[in-house]
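What follows is one structure encoded as structure tokens, with my remarks underneath.
In the text below, chain A, chain B and the rest are named by the order of the sequence lines, each starting its count at 1. None of these values were measured; they are calculated from a predicted model.
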There are 2 protein chains.
Amino acid sequence: MASRPSLRSCENCPIRHNAVCAECDASELAVLERTKSYRTVPAGSPLATAGEPLEYLSSLVEGCATMSRTLEDGRRQTVGLLLPSDFIGRPGRKTSAYDIEAVSDVTLCRFERRTFERLVRETPHIATRMLTMTLDELDAARDWAVVLGRMTAREKVASFFVSLARRHATGSGQDQPARSVTLHLPLSREAMADHLGLTIETTSRQVTALRKDGLIEVPSAREVRIPDFERLALEAGEDDDGGLIA
Amino acid sequence: MASRPSLRSCENCPIRHNAVCAECDASELAVLERTKSYRTVPAGSPLATAGEPLEYLSSLVEGCATMSRTLEDGRRQTVGLLLPSDFIGRPGRKTSAYDIEAVSDVTLCRFERRTFERLVRETPHIATRMLTMTLDELDAARDWAVVLGRMTAREKVASFFVSLARRHATGSGQDQPARSVTLHLPLSREAMADHLGLTIETTSRQVTALRKDGLIEVPSAREVRIPDFERLALEAGEDDDGGLIA
DNA sequence: CGGTAGTTTGAGCCTCGTCAAGCTCCGTGG
DNA sequence: CCACGGAGCTTGACGAGGCTCAAACTACCG
């Protein structure tokens, strides 16, 4: 959680090979190092507000944030879970379409919006990486729509743990989660509920049910151990290839 | 529905200014004209199958298609409604992530996948347009997640008509639907239900309810007239700016 | 030890899904 | 001209899954 000693150098950056800069060569990195700036914000702070100007575009370096929209009557839906290497903001747009909130202490690698827009225009390696990342996010958003639209509460909760385990694995360079994994939950039950389109009570009940069925262990409210990943993935409505069951 | 007489020329193409080619200049269009080919497919035909190779990337020129995923037990969720100017397929990926099905007779402007990938690499105007369109689709997918996760059946159906009216308006060059609009529904009740994460029965009941409340008129099962767009938008959980109520 | 935020559990209700029947629209054929 | 049949849509009755309201439990912190 603490900042790395030499965060200023792109070479040692923890998200060097996954973020928007992933395809950049040494000379392009040099340009980025001149224009970037870091900012850390404590858990609970807003990083952006729906409809409000967003002056900086950034990569999330450390921590976790949620992207959500809240309706007048208080209903809230999280539309994206932001983890290290994820990009925040949209080049070419002055305002944020969503509320973005740090759910843990967060470190950002920021670029002034106009500067970054120029970088996208003039650096093909950034433009192509940006496109690839956006296409990946689009697939993820559509996959999540299947969860929101068609899955039961139990499947939703199982799907959430499965996707967290997957991102944890790819984040640490594996391409498949190990058979058994222990996850730290970045989200409270309430934030999980907002992500899953459920109430906090239903979410909690389903966590309990999965635990009683031996599909997960819950050492503390913010930790989940998955003893058999494949079995949980099946519970989430997937086949063993990791695709949704055809 | 019938093909335009001179569809071969990009200049008169109905989606010239909205599709992936929108930013191209005359010389770039000339390249596209050499490599593109048209294909028409009848309503009900598959354009792609989840997990199967997709040889051609294309722009939808005329008609309507759905992008969906079906679970083993038959539950289906539509994750995108494809209308003229929408892009089909993902450069850099050999297979389709979703089932894509023509729901009306469809005309496609196609490019062989490898050819198009080269075009994206070598034509900045295509790459930037591709990025803009993908970012727009991402926003649309996230907005739809709010509908799927947090809206009631009534709000879902109202939201669908509202978004159809908006796309109808922007497709015909306005930026706001007129106060009263008549829509042809491209989707059957079943396809609507799959898009909304509802059953066909609930969808039908909510259409009836909106009609009885005077929010819509239903001259035939495939037509909807919206007498007061603002009033329907409010029913869909939006404020008068077209954003979701803050 | 008391206070508070987060979580879990319980009881009852409501919305939406399920199952089933009936209706409308059309095309076909007697 | 009407009987027939099928697909798509609507309507009804009923039940279940998830939401609401409420209370109790836990962990953490002053």
Review point. Is B:E201 side chain donor-acceptor paired with the C:dC16 base, going by distance under 3.5 Å alone?
Key: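 Not at all, since no donor on one side and acceptor on the other fall under 3.5 Å apart.
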Practice item. Take the C1' atoms of the five end pairs on each side of the helix from C:dC1-D:dG30 to C:dG30-D:dC1, derive the two axes, and give their angle rounded to 10 degrees. Key: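 So the angle between the two local helix axes works out to 20°.
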Review point. Taking all non-hydrogen atoms of both residues, which atom of B:L60 and which atom of B:L82 are closest, and how far apart?
Key: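 Heavy atoms of B:L60 and B:L82 come nearest at CD1-O, 3.5 Å.
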Exercise for review: Looking only at non-hydrogen atoms, find the nearest pair between B:L57 and B:G89 and report the distance.
Suggested key: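 Here B:L57 and B:G89 meet closest at CD2-CA, 3.7 Å.
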Before accepting this row, confirm whether a basic side-chain N of the pair [X]/[Y] lies closer than 4.0 Å to the acidic partner's carboxylate O.
X	Y	result
B:D86	B:R167	yes
A:D213	A:R231	no
B:E137	B:R142	no
B:R76	B:D99	no
B:R90	A:D139	yes

Practice item. Can you label the angle between the A:F160 ring and the A:H195 ring as parallel, tilted or perpendicular, going by 30° and 60°? Key: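 Aromatic pair A:F160/A:H195 classed perpendicular.
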Nearest-angstrom distance from the residue atom [atom1] of [X] to [atom2] of [N]:
X	N	atom1	atom2	result
A:D73	D:dT20	CG	C1'	14 Å
B:L185	D:dG8	CG	P	15 Å
B:L187	D:dA7	CG	P	20 Å

Point-to-point distance, once rounded to the nearest 0.5 Å, from [atom1] of [X] to [atom2] of [Y]:
X	Y	atom1	atom2	result
A:R154	A:T203	CZ	OG1	14.0 Å
A:L138	B:D136	CG	CG	11.0 Å
B:S204	B:M192	OG	CE	9.0 Å

Point to revise | Pairwise side-chain contact, B:L108 with B:V61, heavy-atom cut-off 4.5 Å (strictly under) | key: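 B:L108 does not reach B:V61 side chain to side chain.
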Exercise for review: Using heavy atoms and a sub-4.0 Å distance, could you list which residues of residues 203-225 of chain B are near DNA chain C? By number, please.
Suggested key: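 By residue number: B:R205.
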**Study point:** Nucleic acid contacts - residues 152-165 of chain A versus DNA chain D, non-hydrogen atoms under 4.0 Å
**Key:**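 Going residue by residue through residues 152-165 of chain A, the ones with a heavy atom under 4.0 Å of DNA chain D turn out to be A:T152, A:A153.
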Exercise for review: Sort out for me which residue in B:E155, B:K156, B:R150 forms a side chain to side chain donor-acceptor pair (under 3.5 Å) with B:T152.
Suggested key: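 That would be B:E155.
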Exercise for review: Would you indicate which nucleotide in C:dT7, D:dT10, D:dT20 comes nearest to any side-chain atom of A:T199?
Suggested key: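 That would be D:dT20.
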Exercise for review: Would you mind telling me which of C:dT8, D:dC19, D:dT11 lies closest to the side-chain atoms of A:R189?
Suggested key: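 So the side chain of A:R189 is nearest to C:dT8.
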Extract from the structure each pairing of a protein N or O with an N or O of nucleotides 25-30 of chain D at less than 3.5 Å, listing the distance.
none

**Study point:** Results of salt bridge (Lys or Arg N to Asp or Glu O under 4.0 Å) for A:E217 - residues two or more places apart only
**Key:**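 Only A:R225 meet the salt bridge (Lys or Arg N to Asp or Glu O under 4.0 Å) criterion with A:E217.
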Review point. Within a radius of less than 6.0 Å around CZ of B:R179, do more than 12 heavy atoms belonging to other residues, nucleotides or ligands occur?
Key: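 12 or below, so no.
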Check your understanding: Has A:R39 got more than 12 heavy atoms of other residues, nucleotides or ligands less than 6.0 Å from its CZ?
Key ->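 No - once you tally the heavy atoms of other residues, nucleotides and ligands closer than 6.0 Å, there are 12 at most.
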Identify all pairs in which a protein N or O lies below 3.5 Å from an N or O of nucleotides 21-23 of chain C, and state each distance.
none

